[in-house]
Number of protein chains: 2
Amino acid sequence: MNTTQFSIGQIAKQAKCKVETVHYYEKSGLMPEPPRTEGGHRIYSLPHVKRLTFIRRCRELGFSIEQIRGLLKFIDEPNHYCGEVKAMAMLHVREVQQKIDDLQRLQSALNDMVIKCKGADYSIDDCPIIDALYVEQQ
Amino acid sequence: MNTTQFSIGQIAKQAKCKVETVHYYEKSGLMPEPPRTEGGHRIYSLPHVKRLTFIRRCRELGFSIEQIRGLLKFIDEPNHYCGEVKAMAMLHVREVQQKIDDLQRLQSALNDMVIKCKGADYSIDDCPIIDALYVEQQ
DNA sequence: ATAGAACCTGTAGTAGCTATAGGTTCAAGG
DNA sequence: CCTTGAACCTATAGCTACTACAGGTTCTAT
């Protein structure tokens with residue numbers, strides 16, 4: 001049995017976020033209020049580290065705090081099942097793909113811009129970069 | 001010579017943003033304070049439409065307001081040249097590519113999650129989706 | 001014992017809008 | 001010409017997801 005304990009600074013480091021962000025997640029109800037030392041410092045253990053990591057990774061995946069709250073319900077209320085999580089994830093797969101598509105379209109616009117703009121010989125009035133961003137798209 | 005004039009609602013529509021956003025860009029100094037009617041309504045012309053479209057497209061490309069302020073300096077101060085804009089754009093190309101890479105990594109994590117999670121037969125304690133988000137990455 | 005790193009709470013600030021309130025002006029139809 | 005209602009005006013508050021700061025306390029290592 002692992003009863004290793006961690007300070008807020010330690011779990012923040014492990015989950016790669018800031019101490020203030022952990023406070024914020026606690027205020028938002030995503031992280032529980034953990035036990036404290038005599039002096040009032042928060043004491044965390046491994047499940048907390050996992051939970052915080054889960055939250056941070058979800059944020060990276062583009063889930064909003066509200067969506068994460070929804071996902072965490074499946075953990076906190078064991079009468080829910082994985083199928084619902086799967087449905088949420090599948091929904092999210094589409095959203096993420098949309099973001100990728102958008103960025104790729106924008107990326108090639110930028111690349112075009114860089115290629116078209118020959119360097120230091122145009123005044124801004126007919127700068128291809130400025131023009132590139134005014135051109136209508138689909 | 002084209003002297004067509006537009007209301008704020010019209011340029012917002014053309015640039016595909018909201019009226020409030022145009023107000024915001026004016027407050028932020030990205031859009032100039034245009035002439036007004038007797039009654040105080042803003043009067044825009046084609047250069048404004050182009051400028052607003054440029055700003056909106058820049059935002060789509062992920063440029064921050066500050067970065068756009070920098071780009072607009074090249075328009076507003078004609079002693080700057082396209083080469084500097086090109087440098088900024090090239091810098092941004094790398095940033096956008098990073099975003100795409102991140103999203104694609106996350107996308108395949110999500111896809112893995114959806115595939116691994118068999119549906120309604122796992123309690124959350126060993127839900128592969130939750131596990132997928134706790135696994136360390138590179 | 002003491003220095004200073006890390007922690008505590010609470011509040012304010014950030015970006016980039018978006019929404020609301022409460023009023024004025026404009027344009028089109030009768 | 002008059003009226004109605006859409007569109008405009010300013011100013012302020014609210015939003016998300018943090019981040020930073022102030023002013024104080026506790027923990028840890030020497």
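A, B, ... follow the sequence lines: proteins, then strands. Residue 1 opens every chain. Just the heavy atoms: all of them, side chains too, but no hydrogens, waters or symmetry mates, feed the values below.
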For B/H41, ring-ring contact (aromatic ring centres under 6.0 Å, His included) partners two or more places apart |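 ring-ring contact (aromatic ring centres under 6.0 Å, His included) list for B/H41, sorted by chain: empty.
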Return the minimal non-hydrogen interatomic distance between B/I8 and B/R42, and the atom names on each side.
->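 Here B/I8 and B/R42 meet closest at CD1-CD, 4.0 Å.
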In chain order, what residues pass the side chain to side chain contact (heavy atoms under 4.5 Å, CB included) check against B/K13, with sequence neighbours excluded?
->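 Here no residue qualifies.
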With sequence neighbours excluded, what pairs up with A/E38 under the side chain to side chain donor-acceptor pair (under 3.5 Å) test?
->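 A/E38: no side chain to side chain donor-acceptor pair (under 3.5 Å) contacts found.
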Quick one, which residues of residues 21-29 of chain B touch DNA chain C with a heavy atom under 4.0 Å?
->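 Result for residues 21-29 of chain B: B/T21, B/Y24, B/Y25, sorted by number.
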Distance check needed: [N] [atom2] versus [X] [atom1], whole Å only.
X	N	atom1	atom2	result
A/Y44	C/dA6	OH	C1'	14 Å
B/E33	D/dT10	CD	C1'	13 Å
A/I43	C/dC8	CD1	P	10 Å
B/Q67	C/dA15	CD	P	13 Å
A/Q10	C/dA5	CD	C1'	13 Å
A/K18	C/dA6	NZ	C1'	16 Å
A/M31	D/dC18	CE	C1'	16 Å
A/E20	C/dA6	CD	P	13 Å

Nearest 0.5 Å, please: how far is [atom2] in [Y] from [atom1] in [X]?
X	Y	atom1	atom2	answer
A/E66	A/S28	CD	OG	9.0 Å
B/L52	B/M31	CG	CE	5.0 Å
A/H48	A/F6	NE2	CZ	11.0 Å
B/L46	B/T53	CG	OG1	9.0 Å

Pairwise N/O distances under 3.5 Å, protein to nucleotides 27-30 of chain D:
unit_1, atom_1, unit_2, atom_2, d
D/dC27, OP1, A/T37, OG1, 2.9
D/dC27, OP1, A/G39, N, 3.0

On DNA chain C, nearest-nucleotide positions of A/R42 versus B/E66: which is more 5'?
->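 Result: A/R42.
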Measuring to OP1 and OP2 of [N], would you say a side-chain N or O of [X] lies under 4.0 angstrom away?
X	N	result
A/S7	C/dA6	no
B/R59	C/dA15	no
A/R36	D/dT25	no

Could you list the residues that satisfy salt bridge (Lys or Arg N to Asp or Glu O under 4.0 Å) with A/E33, not counting sequence neighbours?
->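 Per chain and number, A/E33 pairs via salt bridge (Lys or Arg N to Asp or Glu O under 4.0 Å) with no residue.
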